[in-house]
Visitor: 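Provided herewith is a single structure, encoded as structure tokens, for subsequent inquiry.
Each chain gets a letter, A, B and so on, in the order its sequence line appears, and its residues count up from 1. What you are looking at is a predicted structure, and each value in this text was computed from that prediction instead of being measured.
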Amino acid sequence: MVEKSNVTDNSEVQKKANFIDLQIEEDLKAGKNNNRVHTRFPPEPNGYLHIGHAKSICLNFGIAEKFGGKTNLRFDDTNPSKEETEYVESIKDDIRWLGFDWEDRLYFTSDYFDKLFEFAIQLIKDGKAYVDDQDAETIASQKGTPTRPGTESPFRNRSVEENLDLFRRMAAGEFDEGSRVLRAKIDMASPNMHMRDPFIYRIIKAHHHRTGDKWKIYPMYDFAHGQSDYWEGITHSVCTLEFEVHRPLYDWFIDQLQESDYRPRQIEFARLNLNYTVMSKRKLLELVKDGHVKGWDDPRMPTISGLRRRGYTPESIRNFADKVGVTKVDGVIDVSLLEFSIKEHLNRTAQRVMGVLNPLKVVITNYPEGESEELDAVNNPEDESMGKRKVPFSRELFIERDDFMEDPPRKFFRLGPGREVRLRYAYYITCNDVIKDENGEITELHCTYDPATKGGNSPDGRKVKATLHWVSVKHAVQSEVRLYDRLFNDENPLGHKDVDFKEFMNPESLKVLLNCFIEPFVKDAKPLDHFQFERLGYFNVDLDSTKENIIFNRTVALRDSWAKSQKRK
RNA sequence: UGACCCAUGGUGUAAUUGGCAACACGUCUGGUUUUGGUCCAGAAGAGUUCAGGUUCGAGCCCUGAUGGGUCAACCA
């Protein structure tokens with residue numbers, strides 16, 4: 001069975017087996033690979049990980065967990081011109097943050113460069129690989145098309161000795177980049193383009209982030225991946241759908257290598273797509289490089305570091321990965337599911353706090369000047385063990401501008417002239433006067449409070465229709481709040497021919513509010529701490545935050561059926 | 001005149017392997033509520049791309065069609 005055997009967060013959810021689980025169960029039933037299950041997560045260190053990688057990470061480590069196997073982390077670093085150590089470190093951080101552990105199984109494809117080289121030599125000796133002296137264009141022209149077979153290279157039938165000599169000289173750096181490649185000799189007429197004598201080694205004279213300048217030639221992905229799997233004892237090599245057509249080639253190389261019953265198997269699944277964003281490293285890099293966002297970890301980015309900074313928790317991302325499932329169907333997941341995942345987690349765990357984003361001053365005219373008091377507030381109504389805190393109250397308060405209307409429409413329950421509402425955990429107040437400046441802008445409200453309603457209940461049983469959040473002016477912490485909206489206005493920014501995806505960027509994806517006031521409880525909050533600002537949403541402390549200037553990110557807004565009903569009108 | 005893959009409510013995933021199409025998100029309604037949140041109750045929404053076939057019975061098996069995706073980087 002494939003249910004999680006360990007009962008972690010006592011949720012004991014029995015996960016449905018997906019098609020990969022089923023295939024693994026079959027392999028196990030057939031006694032393959034001595035009943036071992038061993039997966040790997042193989043990122044290329046050429047960018048930061050995104051939520052799509054998170055799905056793959058959860059899948060690979062999840063499989064190992066379900067079947068009592070192991071998962072390796074392997075950096076697929078076969079192209080020195082694109083890869084950097086910075087990326088290696090960020091990737092490791094992100095995986096660890098998600099809560100997965102590769103233990104001592106950290107590998108680099110570059111660890112296998114010597115073995116790969118030897119394997120190439122062997123193929124040459126076996127007459128299964130040859131050096132091609134033609135340039136890229138010529139070779140491409142001989143490749144044929146998907147509907148027309150290719151033609152063989154004039155260098156295809158060189159002698160083994162000549163191939164050996166040339167290949168060694170390629171490795172020695174005797175030739176220029178692009179002047180020669182090593183190719184596998186397979187079948188130029190294959191209906192599968194990848195089998196038409198694929199390149200397996202090319203000359204690149206760039207500094208490699210790990211092997212330095214030792215190598216002048218580097219293996220191609222197809223020549224490295226399966227072999228790395230094989231040498232690491234990987235049993236199930238899970239990758240995304242676009243590698244489906246590579247599988248025959250993967251198998252071909254394994255055929256050349258296999259010397260026992262053990263054999264790794266490639267299985268493909270559909271990559272994650274999210275609407276209103278882009279999910280390709282190249283496109284994300286473009287956003288970073290061109291300054292459309294502030295970096296890989298900009299809270300608007302679908303990167304793991306961006307989501308982390310935005311306030312997403314590892315739990316929420318893992319739950320999300322579970323919810324989207326694993327299939328071979330190319331689909332697009334609605335961001336609302338991602339947002340649901342974080343709201344679900346933070347609702348249970350986030351400290352409640354009151355914060356006013358667009359302040360409107362309220363003077364409690366019958367509250368003694370210069371005095372203040374502390375009121376009890378619940379830290380999390382979903383979790384009594386989180387206890388209570390004190391919130392200071394005084395004569396001058398801020399409330400949310402949206403919570404007052406001079407001419408309240410029909411279903412508006414909040415404050416208006418002559419109306420009485422409750423200030424959460426404090427008192428009932430009634431609005432008596434609306435003070436305006438010379439432009440007619442409302443500058444403050446004069447209200448009276450009912451001392452008998454302390455804590456928020458009226459002894460006479462009088463009801464109010466609304467409860468507002470508030471802060472005490474002299475106690476509140478002024479802070480910056482960054483509100484985020486989707487990065488793109490279009491559901492599928494990449495789905496338009498002839499229009500660059502950046503054309504669809506949302507100009508209002510970031511709104512910075514500098515004049516926000518939060519209750520003093522947040523004074524000592526540290527970067528990445530989560531809060532629910534009551535009635536508003538979930539916020540966390542940004543990495544830019546300092547003791548003097550606390551900065552909050554809005555992770556996600558609370559569901560707001562009032563705003564929704566207003567929008568409909 | 002190719003190969004390979006895919007097709008179930010708006011979205012994503014299920015369906016005891018041939019037996020009443022279910023769950024989640026989203027949407028809507030009502031209730032509870034010191035958060036217009038949460039929670040609770042309920043509703044709408046697919047008859048499974050189409051056409052044949054096998055079968056007592058097909059979302060599931062077979063055939064064909066249609067639609068979509070991937071493949072012709074010295075990227076992974």
Side-chain angles (χ1 to χ4, degrees), chain A residues 16 18 22 42-44 46 76-79 81-83 109 132 135-136 139-141 143-150 177-183 190-196 199-204 217-218 220-222 224-225 239-248 268 270 275 281-282 322-341 343-344 347-348 352 354 377-378 380-382 411-414 422-426 428 453 455-457 463-469 532-538 557-566:
Chain A
K16 280 266 159 54
N18 59 52
L22 262 22
E44 182 188 13
N46 67 342
D76 217 340
D77 54 351
T78 57
N79 187 354
S81 52
K82 291 167 90 180
E83 296 149 8
T109 302
D132 197 325
D135 59 47
I139 295 178
S141 71
K143 204 121 201 182
T145 69
T147 54
R148 228 189 294 270
E177 280 189 24
S179 64
R180 267 171 250 260
V181 287
L182 184 69
R183 295 226 253 166
S190 170
N192 184 333
M193 297 295 287
H194 294 276
M195 299 300 271
R196 321 246 259 230
F199 298 5
I200 60 181
Y201 262 100
R202 75 297 210 186
I203 301 167
I204 300 177
I217 57 171
Y218 291 89
M220 299 287 290
Y221 163 84
D222 285 308
H225 203 96
C239 63
T240 45
L241 248 29
E242 66 270 27
F243 291 101
E244 213 151 21
V245 282
H246 292 241
R247 194 168 64 225
E268 311 86 9
N275 58 9
K281 275 196 215 171
R282 238 194 73 223
D322 279 346
K323 279 190 245 275
V324 299
V326 181
T327 65
K328 301 189 75 160
V329 186
D330 243 320
V332 183
I333 276 83
D334 201 299
V335 279
S336 66
L337 188 63
L338 218 210
E339 294 176 347
F340 168 78
S341 302
K343 284 191 261 190
E344 184 189 42
N347 178 49
R348 290 186 341 249
R352 266 58 166 179
M354 290 193 286
V378 172
N380 186 345
E382 307 297 316
K411 301 248 239 164
F412 186 85
F413 302 144
R414 283 109 97 151
R422 170 168 42 233
L423 293 182
R424 183 145 225 233
Y425 300 126
Y428 284 13
T453 58
N457 280 310
K463 298 274 188 234
V464 286
K465 284 184 119 172
T467 301
L468 310 186
H469 60 277
Q532 184 196 97
F533 290 3
E534 294 216 34
R535 304 209 302 136
L536 296 177
Y538 296 99
L558 250 31
R559 181 161 181 230
D560 187 348
S561 40
W562 164 246
K564 199 176 287 175
S565 71
Q566 289 304 291

Visitor: Testing the 3.5 Å rule here: is there a donor-acceptor pair between the side chains of N192(A) and S190(A)?
Guide: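 Judged by distance alone, the side chains do not pair up.
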
Visitor: Taking the side chain of E244(A) as heavy atoms from C-beta outward, which of C5(B), C71(B), U13(B) is closest to it?
Guide: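 The answer is C5(B).
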
Visitor: Does a side-chain N or O of R202(A) approach OP1 or OP2 of A73(B) to a distance below 4.0 Å, or not?
Guide: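 It does not, given that no N or O in the side chain of R202(A) lies less than 4.0 Å from OP1 or OP2 of A73(B).
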
Visitor: Rounded at 0.5 Å granularity, tell me how far CG in N457(A) sits from OH in Y425(A).
Guide: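 Between N457(A) CG and Y425(A) OH, I get 11.5 Å after rounding to 0.5 Å.
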
Visitor: Looking at A14(B), A76(B), G37(B), which one has an atom nearest to any side-chain atom of R352(A)?
Guide: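 Comparing A14(B), A76(B), G37(B) against the side chain of R352(A), the answer is G37(B).
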
Visitor: Ring stacking, Y221(A) with base of A76(B), under 5.5 Å and under 30°?
Guide: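 Stack criterion not met.
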
Visitor: Would you indicate what V378(A) reaches in the nucleic acid, counting non-hydrogen atoms under 4.0 angstrom: base, sugar-phosphate, or nothing?
Guide: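 It contacts nothing in the nucleic acid.
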
Visitor: What is the nucleic acid contact for Y218(A), judged by heavy atoms within less than 4.0 Å: base, sugar-phosphate only, or nothing?
Guide: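 Nothing, no heavy atom under 4.0 Å.
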
Visitor: Looking at C71(B), G36(B), U35(B), which one has an atom nearest to any side-chain atom of M193(A)?
Guide: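 Ranking C71(B), G36(B), U35(B) by closest atom to the M193(A) side chain puts C71(B) first.
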
Visitor: Atom CD of E177(A) to atom P of C75(B): distance rounded to whole Å?
Guide: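 So the CD-P distance, E177(A) to C75(B), works out to 9 Å.
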
Visitor: For S81(A), which contact category applies under a 4.0 Å heavy-atom criterion: base, sugar-phosphate, or nothing?
Guide: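 Since no nucleic acid heavy atom lies under 4.0 Å of S81(A), the category is nothing.
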
Visitor: Looking for any heavy atom pair under 4.0 Å, which part of the strands does L337(A) touch: base, sugar-phosphate only, or nothing?
Guide: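 Counting heavy atoms under 4.0 Å across all strands, the contact made by L337(A) is with sugar-phosphate only.
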
Visitor: Using atom P of each nucleotide, how far apart are A21(B) and G12(B) to the nearest Å?
Guide: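 Approximately 22 Å lies between the P atom of A21(B) and that of G12(B).
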
Visitor: Of all the nucleotides listed (A73(B), A14(B), A76(B)), which has the minimum atom distance to the side chain of K16(A)?
Guide: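 So the side chain of K16(A) is nearest to A14(B).
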
Visitor: Applying a 4.0 Å non-hydrogen cut-off, can you work out what P42(A) is touching in the nucleic acid: base, sugar-phosphate, or nothing?
Guide: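 P42(A): no heavy atom of the nucleic acid under 4.0 Å.
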
Visitor: How far, in whole Å, is C20(B) from A65(B) if one measures between their P atoms?
Guide: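 Their P atoms lie roughly 31 Å apart.
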
Visitor: What does G331(A) touch in the nucleic acid at a heavy-atom separation under 4.0 angstrom: a base, only the sugar-phosphate, or nothing?
Guide: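 Touches sugar-phosphate only.
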
Visitor: Given G36(B), A7(B), A14(B), which nucleotide is nearest the side-chain atoms of R535(A)?
Guide: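 Side chain of R535(A) sits closest to G36(B).
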
Visitor: Which label fits H246(A) and Y221(A): parallel for a plane angle under 30°, tilted from 30 to 60°, or perpendicular past 60°?
Guide: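 It falls in the perpendicular class, over 60°.
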
Visitor: Heavy atoms only, 4.0 Å cut-off, all strands: where does D222(A) land among base, sugar-phosphate and nothing?
Guide: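 Since no nucleic acid heavy atom lies under 4.0 Å of D222(A), the category is nothing.
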
Visitor: Tell me whether the guanidinium CZ or amine NZ of K143(A) lies under 6.0 angstrom from the six-membered ring centre of F199(A) and within 45° of its axis.
Guide: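 Ring-cation test returns yes.
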
Visitor: With the side chain of V245(A) defined as its heavy atoms from C-beta on, choose the nearest nucleotide among U70(B), G2(B), U35(B).
Guide: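 So the nucleotide nearest the side chain must be U70(B).
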
Visitor: Does a sphere of radius 6.0 Å around NZ in K465(A) hold more than 12 heavy atoms from other residues, nucleotides or ligands, not counting ones at 6.0 Å or beyond?
Guide: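 No - once you tally the heavy atoms of other residues, nucleotides and ligands closer than 6.0 Å, there are 12 at most.
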
Visitor: Identify which nucleotide among G2(B), C75(B), G36(B) has an atom closest to any side-chain atom of F412(A), counting heavy atoms from C-beta outward.
Guide: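 Ranking G2(B), C75(B), G36(B) by closest atom to the F412(A) side chain puts G36(B) first.
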
Visitor: Looking at every strand, decide which applies to N347(A) at a 4.0 Å heavy-atom threshold: base, sugar-phosphate, or nothing.
Guide: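 Here N347(A) touches the bases of the nucleic acid.
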
Visitor: When you compare C40(B) with A46(B), how far apart are their P atoms, in angstrom units rounded to a whole number?
Guide: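 Roughly 26 Å separates the two P atoms.
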
Visitor: Where each residue is assigned the nucleotide of RNA chain B containing its nearest heavy atom, which of T147(A) and Y201(A) is assigned the position nearer the 5′ end?
Guide: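 It is T147(A), whose closest nucleotide lies nearer the 5' terminus.
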
Visitor: Checking all strands, does K564(A) fall into the base, sugar-phosphate, or nothing category for heavy-atom contacts under 4.0 angstrom?
Guide: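 Result for K564(A) = sugar-phosphate.
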
Visitor: Evaluate whether the aromatic ring of F340(A) and the six-membered ring of the A24(B) base sit under 5.5 Å apart, centre to centre, with an inclination under 30°.
Guide: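 No.
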
Visitor: Whether T467(A) contacts G36(B) is assessed here as follows: a side-chain N or O lying under 4.0 Å from the phosphate OP1 or OP2. Is that the case?
Guide: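 The answer is no; no side-chain N or O of T467(A) sits under 4.0 Å from OP1 or OP2.
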
Visitor: State which of C6(B), G12(B), G36(B) makes the closest approach to the side chain of K328(A).
Guide: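 Side chain of K328(A) sits closest to C6(B).
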
Visitor: Within 90° of 0 counts as syn, otherwise anti: where does U16(B) fall?
Guide: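 What U16(B) shows is an anti base, its glycosidic angle lying more than 90° from 0.
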
Visitor: With the 90 degree cut-off around zero defining syn, does G47(B) come out syn or anti?
Guide: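 The base of G47(B) is oriented syn (glycosidic angle within 90° of 0).
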
Visitor: Please work out if M220(A) contacts a base, only the sugar-phosphate, or nothing of the nucleic acid, heavy-atom cut-off 4.0 Å.
Guide: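 Sugar-phosphate contact only - M220(A) comes under 4.0 Å of backbone atoms but never of a base.
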
Visitor: Counting only side-chain heavy atoms from C-beta out, which of U70(B), G37(B), G36(B) sits nearest to R414(A)?
Guide: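 Minimum distance to the R414(A) side chain belongs to G36(B).
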
Visitor: On a whole-Å scale, what distance lies between the C1' atoms belonging to C6(B) and A24(B)?
Guide: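 Straight-line distance between the two C1' atoms is 23 Å.
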
Visitor: Let's test this: given Watson-Crick or G-U wobble pairing with both distances under 3.5 Å, identify the partner of G57(B).
Guide: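 Pairing partner: none.
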
Visitor: For the P atoms, the ones on C56(B) and on G67(B), what distance do you get once it is rounded to whole angstrom?
Guide: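 About 35 Å, rounded to a whole number of Å.
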
Visitor: Using the closest heavy atom to pick a nucleotide of RNA chain B for each, name whichever of V332(A) or P146(A) lands nearer the 5' end.
Guide: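 The answer here is P146(A).
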
Visitor: Check the phosphate of G12(B) against T327(A), side-chain N and O only, distance under 4.0 Å to OP1 or OP2. Yes or no?
Guide: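 So the side chain of T327(A) is outside the cut-off, no N or O lying under 4.0 Å from OP1 or OP2 of G12(B).
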
Visitor: Between the side chain of N380(A) and the main-chain N/O of R348(A), is any donor-acceptor distance below 3.5 Å?
Guide: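 Present.
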
Visitor: For a quick check, tell me whether the side chain of H194(A) and the base of A3(B) share a donor-acceptor pair closer than 3.5 Å.
Guide: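 Such a pair does not exist between side chain and base.
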
Visitor: Taking atom C1' in both G57(B) and G64(B), what distance in whole Å separates the two?
Guide: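 About 23 Å, rounded to a whole number of Å.
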
Visitor: What contact category does V181(A) fall into here, base, sugar-phosphate, or nothing, at under 4.0 angstrom with non-hydrogen atoms?
Guide: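 Base: the residue V181(A), judged by heavy atoms under 4.0 Å, touches a nucleobase.
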
Visitor: Let's go through K281(A) and E44(A) carefully: what are the C-alpha distance in whole Å and the side-chain angles of both, what is the deciding distance for salt bridge (Lys or Arg N to Asp or Glu O under 4.0 Å) to 0.1 Å, and is it a yes or a no?
Guide: CA-CA 10 Å; K281(A) 275 196 215 171; E44(A) 182 188 13; 5.2 Å; no

Visitor: Is R559(A) near enough to U38(B) that one of its side-chain N or O atoms lies under 4.0 angstrom from OP1 or OP2?
Guide: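 Indeed, a polar side-chain atom of R559(A) lies that close.
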
Visitor: Say we look at U38(B) and C25(B): how far apart would their P atoms be, to the nearest angstrom?
Guide: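 Result for the P pair: 11 Å, nearest Å.
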
Visitor: Out of C6(B), G2(B), A14(B), which nucleotide sits closest to the side chain of N18(A)?
Guide: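 For N18(A), the side-chain atoms sit closest to A14(B).
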
Visitor: Over all strands shown, is Q532(A) touching base, sugar-phosphate only, or nothing at heavy-atom distances under 4.0 angstrom?
Guide: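 Contact class for Q532(A): base.
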
Visitor: Between E344(A) (side chain only) and F340(A) (backbone N and O only), is there a donor and an acceptor less than 3.5 Å apart?
Guide: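 The answer is no, because no donor-acceptor pair under 3.5 Å joins these two groups.
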
Visitor: For a quick check of understanding: with a heavy-atom distance under 4.0 Å over all strands, which category does H246(A) fall into, base, sugar-phosphate or nothing?
Guide: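 Result for H246(A) = base.
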
Visitor: Check if the side chain of E382(A) and the base of G37(B) share a donor-acceptor pair of N or O atoms closer than 3.5 Å.
Guide: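 Result: at least one qualifying N/O pair found.
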
